[in-house]
Structures are given as structure tokens and as C-alpha cells.
There are 2 protein chains.
Amino acid sequence: MNALLITSAEENYLKAIFKIAEKDPGAVLTNALAAEMGTSAASATDMLKRLSDKKLVVYEKYRGVKLSEAGNRIATNLIRKHRLWEVFLVDKLGFAWDEVHDFAEQLEHIQGEQLTERLDDFIGNPRFDPHGDPIPDAQGKWLRRTQTRFLTLASGQRGIITGVDDHSPGFLQYLGELGLGLGAELELLERTAYDQSSKVRIGAHHAVLSEKVGQNLFVRIL
Amino acid sequence: MNALLITSAEENYLKAIFKIAEKDPGAVLTNALAAEMGTSAASATDMLKRLSDKKLVVYEKYRGVKLSEAGNRIATNLIRKHRLWEVFLVDKLGFAWDEVHDFAEQLEHIQGEQLTERLDDFIGNPRFDPHGDPIPDAQGKWLRRTQTRFLTLASGQRGIITGVDDHSPGFLQYLGELGLGLGAELELLERTAYDQSSKVRIGAHHAVLSEKVGQNLFVRIL
DNA sequence: AAATATTTTTAGGCTTGTCTAAAAATAAAA
DNA sequence: TTTTATTTTTAGACAAGCCTAAAAATATTT
Ligand SMILES: [Mn+2]
Ligand SMILES: [Mn+2]
Ligand SMILES: [Mn+2]
Ligand SMILES: [Mn+2]
């Protein structure tokens, strides 16, 4: 049916549009896209014209861009592959959760539906990646989750880490040092009104999390 | 140290030069390279100039090309990655030996030494790929093997399949149907002088292999 | 050795994906 | 409602990889 050729660059732009719209629904502006891609606004405009020609986005000059049905499908599948490979790298090859993103950034572009599905089976059809992000299924369906930003926890409440909003190696490594991997349990002892820092108990020992850390942590309240 | 950027296209050309020189030592000619790459001679010449600028080949106009030390290192590492991924696809994901080449052709370009080494460990540091081809180690060292072309077998001799000289899905599937996977044992009952076809015994049953099949099969004589 | 055939290179062109600088459109401020 | 600032697009360039057609070099025949 649909045998049009999509380049890796086009895939990456589609994914970037998806990610921006995910956080901030509505039309994605050129500058935001260029920033996400690390390219100039002129390059983003160029690409938007190409993607529009291929009917992968709906683009209105000066007004921003949205993914079309086809574009959304491609972006979703790319994210699926990215996250499946991340699970493979962590679960099977023993990488740490802060080491896998760049590899997955390459592996997500490997073509071949059969490969994706066999990989999915091999790693046990995971629903979440090593950072707690949901993995869409082969039909592009997302699993809805109830997770709360750690900063909304009240004193005395306990939670289990279910995700992070910052995927940088620096943040992930820092969490690791604190014993805060995915699935770790912590209790909010006290939140300082002045700077929104949080005194927490993690297993046996105590720690203080800055507002920045608290903002980037998701938990399931126990 | 050596932080020059090599594109996937350049890697593929280097590998092609390596493969041609492997079968037919000496300088590789432009037409042979173009044929191997499925491009025009003009494109091959273009690429040879680029590779020469980057000191990855020693290229003399009209005389042919040879890999430099650096070029050889890159080609060898690419073949290493290609074959390691093939083992992964067959051993871990359950693909057949005729299904993996195209995936490996993509996966071989994934960058990251750590990934290659962890993959190698994960699949048990294999010395040969699913087609019986040797896998160079991380230092680029090749294991020398003694394998014989099936056609040199004399009547009454038995052998174990150790490799194939034709990697096309068609040939590999045909071998599979005959029960002739890697490691399969067969006995040459009789060779017909007229057309070099071979009557063989494979386990319990008999078969006739054409000269073409015989030419593309390698065995270790028992 | 000259003519012919083959191989290889050059010339010129095209697409993709990037850039910088300038122009145009939109939004914000005075 | 002008003026100013910001955002976005256009214009023009460039490198990588590919192509076809023509020219040049090399090899083979006669
Ligand atoms: Mn990631
Ligand atoms: Mn990517
Ligand atoms: Mn390849
Ligand atoms: Mn192989």
C-alpha cells in the first residue's frame, strides 16, 4: 500500500513534533522544533515543507505544524522501537539506564517490522521502558497510567518511583546514587516551603531532594 | 585520537573493497567495486576519491584501489559487527539463516564499541556466524580455518557443512530443505563426470546436488 | 602499429539535509 | 496606532551520494 520512503532525518523530526505536542498540546512552532532538533529554524522550515508534501504533517505557514494520521503512526512506531531497544540494552546487555539512550537513538531507525516484533517477544513484551515511559503496542495503542509528580506528595506519604521527566545521564546517574531507581520506594518526611526541597527516607537512610529533582520525578502514591 | 567521521556509505564501500580483495587478491578495480555496490562506475570513482582523501584507501587512477591500514581496520570491524548481529538474530530472536542478512546490513552501522563488546558477550563470543563465516575479534584478528570445497570430495568421503560461498536466501533456503544446515553431515556416494552433479546421503535419505550447489558448499572432511 | 573495444574518469546535474544572512510576517510595546 | 521586537520564511550556499553522457586512458585485436 503505502510504500513511500521516509528518511531517518524525517523520522527524527516527526518524533520531535510528537514529543513537543505531547508536553504542550496544540500546533508546534518552528522555533520549538528547531530547538528540539538542534538545527536552525531555516532547516526546520525546509523539513516541514518536505513532510507536508509527503502528507505526514499539516503545516500552515507562520501558524505551526501538527502530525497527520500517517505522521503520528510513524512517530509512535519510532518511539516503540526506541523504547523496546532500550529495554533490550538494559535487561539483556546489562547497560545502566543512563547509558542506553544514544544507542536507542540509532537502533530505532532499523527497518523491519518482523525484527521489532521478535525483539518485543524476546524481551517479554514490556509495557514500560527503563525510564518508566510507556511503550506503545504494535497497533500504536498507548497504555494510560496514573502517575503523580513527586512534588505533589504531601508529608508522610509514600510513593514508588514510576518515571522521570528528565532523561539526561546526569540526572539518572544522580538518582542511581541516591538509590532511586525505577520501582524504588520513598517517603516524604518534610517539604521545605522556602525552596520546595524535600526531606525523604529511602529505605534505611535519609536524603534531601532539591526542587529540580522533585519536579523531574514521577511516583505512584502508596 | 582518530576522530574522523565515517559515513555508512563509506563503510559499505570499504567492506565491498575488502570482500572483493578477499576472493581475488590484488588491487580492486572500479567496475568490480561498482558492481558489488550496485552503483555506477562514476559513483565508485567519486567515493574512491573521498576515501583516498581520508587515507582509508590507496588509490591510483586507472590502476585500482587497496585498503589502507585504517581502512582495513574499519572494514574488519564492520564485518565483525555484521556477523555478531547475525548470530544474535538467529540464536536469540529465532530468525532463519536466510533472513538475517538485510537486518545485519543495517545493524552493522550502529556506533558504539561498548555495544559491540556487550553483544559479543551476550551471544557467547561466537567464532563463526550463522553461515559459517569467521568473526574477527575486537583486535581484528581472524581465525584461520581449514575447509574444503564440497566439489573436491571423493566418492565415499564424508563431510560436515562448515560454510557457504553463496549467501542468497534462495540458496540457503534450498539447503535448508535438503536438511543441509551448518554442521549437517553428508556422504558423497558418487559424482557424475558429465555434469559434476553429486549423489549424496544426508542422514537417512539420498539427494542429488548440482554442480552449482557443490561449488557453493564448504565442508570439513571427516 | 593502427584500429577497435573496454574501462575509467570527468563534467554536469539532482536530492537531501544542513548552514547563514536577509526579507517578510506576526506579535508586543509604546 | 505606530514603532519595535520576535518569529518565521526565503535566498543562496555547501557537502554527500547518487545519476547519465561524454571524454580520456588503457587493453585487445587485427
Ligand atoms: Mn530514550
Ligand atoms: Mn533518532
Ligand atoms: Mn551495511
Ligand atoms: Mn553472514
Side-chain angles (χ1 to χ4, degrees), chain A residues 3-17 20-21 24 26-67 70-71 74-75 78 105-106 108-109 111, chain B residues 3-17 20-21 24 26-67 70-71 74-75 78 105-106 108-109 111:
Chain A
L4 89 167
L5 273 160
I6 315 282
T7 67
S8 291
E10 288 168 340
E11 288 187 328
N12 285 336
Y13 273 92
L14 291 173
K15 192 177 66 168
I17 295 167
I20 295 165
D24 190 359
V28 170
L29 301 180
T30 301
N31 263 0
L33 181 56
E36 173 73 25
M37 290 299 299
T39 59
S40 70
S43 297
T45 300
D46 265 14
M47 182 57 86
L48 288 180
K49 284 192 253 181
R50 271 195 292 274
L51 294 174
S52 187
D53 288 347
K54 293 189 176 183
K55 313 281 186 203
L56 300 174
V57 300
V58 179
Y59 168 54
E60 283 182 90
K61 270 189 179 188
Y62 294 100
R63 305 265 137 213
V65 71
K66 287 185 173 194
L67 293 179
I74 292 169
L78 197 68
E105 206 59 41
Q106 301 178 63
E108 69 188 5
H109 299 289
Q111 300 293 323
Chain B
L4 87 166
L5 273 160
I6 315 281
T7 66
S8 292
E10 288 168 340
E11 287 186 329
N12 285 336
Y13 272 93
L14 291 173
K15 193 177 66 167
I17 295 167
I20 295 165
D24 190 358
V28 170
L29 301 181
T30 301
N31 263 1
L33 181 56
E36 174 73 24
M37 289 301 298
T39 60
S40 69
S43 297
T45 301
D46 264 14
M47 182 55 88
L48 288 180
K49 284 191 252 182
R50 272 196 293 274
L51 293 174
S52 187
D53 287 347
K54 293 188 176 181
K55 311 283 185 203
L56 299 175
V57 300
V58 179
Y59 168 52
E60 282 182 272
K61 269 188 181 187
Y62 294 101
R63 304 265 137 215
V65 71
K66 287 184 173 197
L67 293 179
I74 292 169
L78 196 68
E105 205 58 44
Q106 301 177 62
E108 68 188 2
H109 300 288
Q111 300 294 321

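In what follows, chains are A, B, ... by sequence order, proteins preceding strands, each numbered from 1.
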Self-check item: Separation between CD1 of A:Ile17 and OH of A:Tyr59, rounded to the nearest 0.5 Å
Solution: 10.5 Å
Quiz item: What's the spacing between B:Leu5 CG and B:Gln111 CD if we round to 0.5 Å?
Solution: 9.0 Å
Would you say [X] places a side-chain N or O within less than 4.0 Å of OP1 or OP2 belonging to [N]?
{"X": "B:Thr30", "N": "C:dT7", "answer": "no"}
{"X": "A:Tyr62", "N": "D:dT6", "answer": "no"}
{"X": "A:Asn31", "N": "D:dT6", "answer": "no"}
{"X": "A:Ser40", "N": "C:dC19", "answer": "yes"}
{"X": "A:Tyr59", "N": "D:dT9", "answer": "yes"}
{"X": "B:Lys49", "N": "C:dT10", "answer": "yes"}
{"X": "A:Arg50", "N": "C:dT16", "answer": "no"}

Specify the separation, in whole Å, of atom [atom1] of [X] and atom [atom2] of [N].
{"X": "A:Glu11", "N": "C:dT16", "atom1": "CD", "atom2": "P", "value": "15 Å"}
{"X": "B:Leu33", "N": "D:dG17", "atom1": "CG", "atom2": "P", "value": "14 Å"}
{"X": "B:Met47", "N": "C:dT10", "atom1": "CE", "atom2": "P", "value": "16 Å"}
{"X": "A:Asp46", "N": "C:dT16", "atom1": "CG", "atom2": "C1'", "value": "10 Å"}
{"X": "B:Asn12", "N": "D:dA16", "atom1": "CG", "atom2": "P", "value": "17 Å"}
{"X": "A:Leu4", "N": "C:dT16", "atom1": "CG", "atom2": "P", "value": "12 Å"}
{"X": "A:Glu60", "N": "D:dT9", "atom1": "CD", "atom2": "P", "value": "11 Å"}
{"X": "B:Leu29", "N": "D:dA25", "atom1": "CG", "atom2": "C1'", "value": "14 Å"}

Self-check item: 5' priority, DNA chain C, between A:Lys61 and A:Lys54 [closest heavy atom]
Solution: A:Lys54
Exercise. Find which nucleotide of DNA chain C each of A:Gly38 and B:Ala41 is nearest to by heavy atoms, and output the residue with the more 5' nucleotide.
Key: B:Ala41
Quiz item: Is atom NZ of B:Lys54 surrounded by more than 12 heavy atoms (other residues, nucleotides or ligands) closer than 6.0 Å?
Solution: yes
Quiz prompt | pair B:Leu67-B:Ile74: side-chain heavy atoms closer than 4.5 Å | solution = no
Once you apply a heavy-atom cut-off of 4.0 Å, does [X] come out as touching a base, just sugar-phosphate, or nothing?
{"X": "B:Thr39", "result": "sugar-phosphate"}
{"X": "A:Ala9", "result": "sugar-phosphate"}
{"X": "A:Thr45", "result": "base"}
{"X": "A:Ala42", "result": "base"}
{"X": "A:Ser43", "result": "base"}

Quiz item: Hey, are B:Glu10 and B:Lys15 close enough for a salt bridge, meaning a charged N less than 4.0 Å from a carboxylate O?
Solution: no
Quiz item: Run the side-chain hydrogen bond (donor to acceptor under 3.5 Å, both in side chains) check on B:Thr39 and B:Tyr13 step by step: do they pass?
Solution: CA-CA 11 Å; B:Thr39 60; B:Tyr13 272 93; 3.3 Å; yes
Quiz item: Among D:dA16, D:dC18, C:dA27, which nucleotide sits nearest the side chain of A:Arg63?
Solution: C:dA27
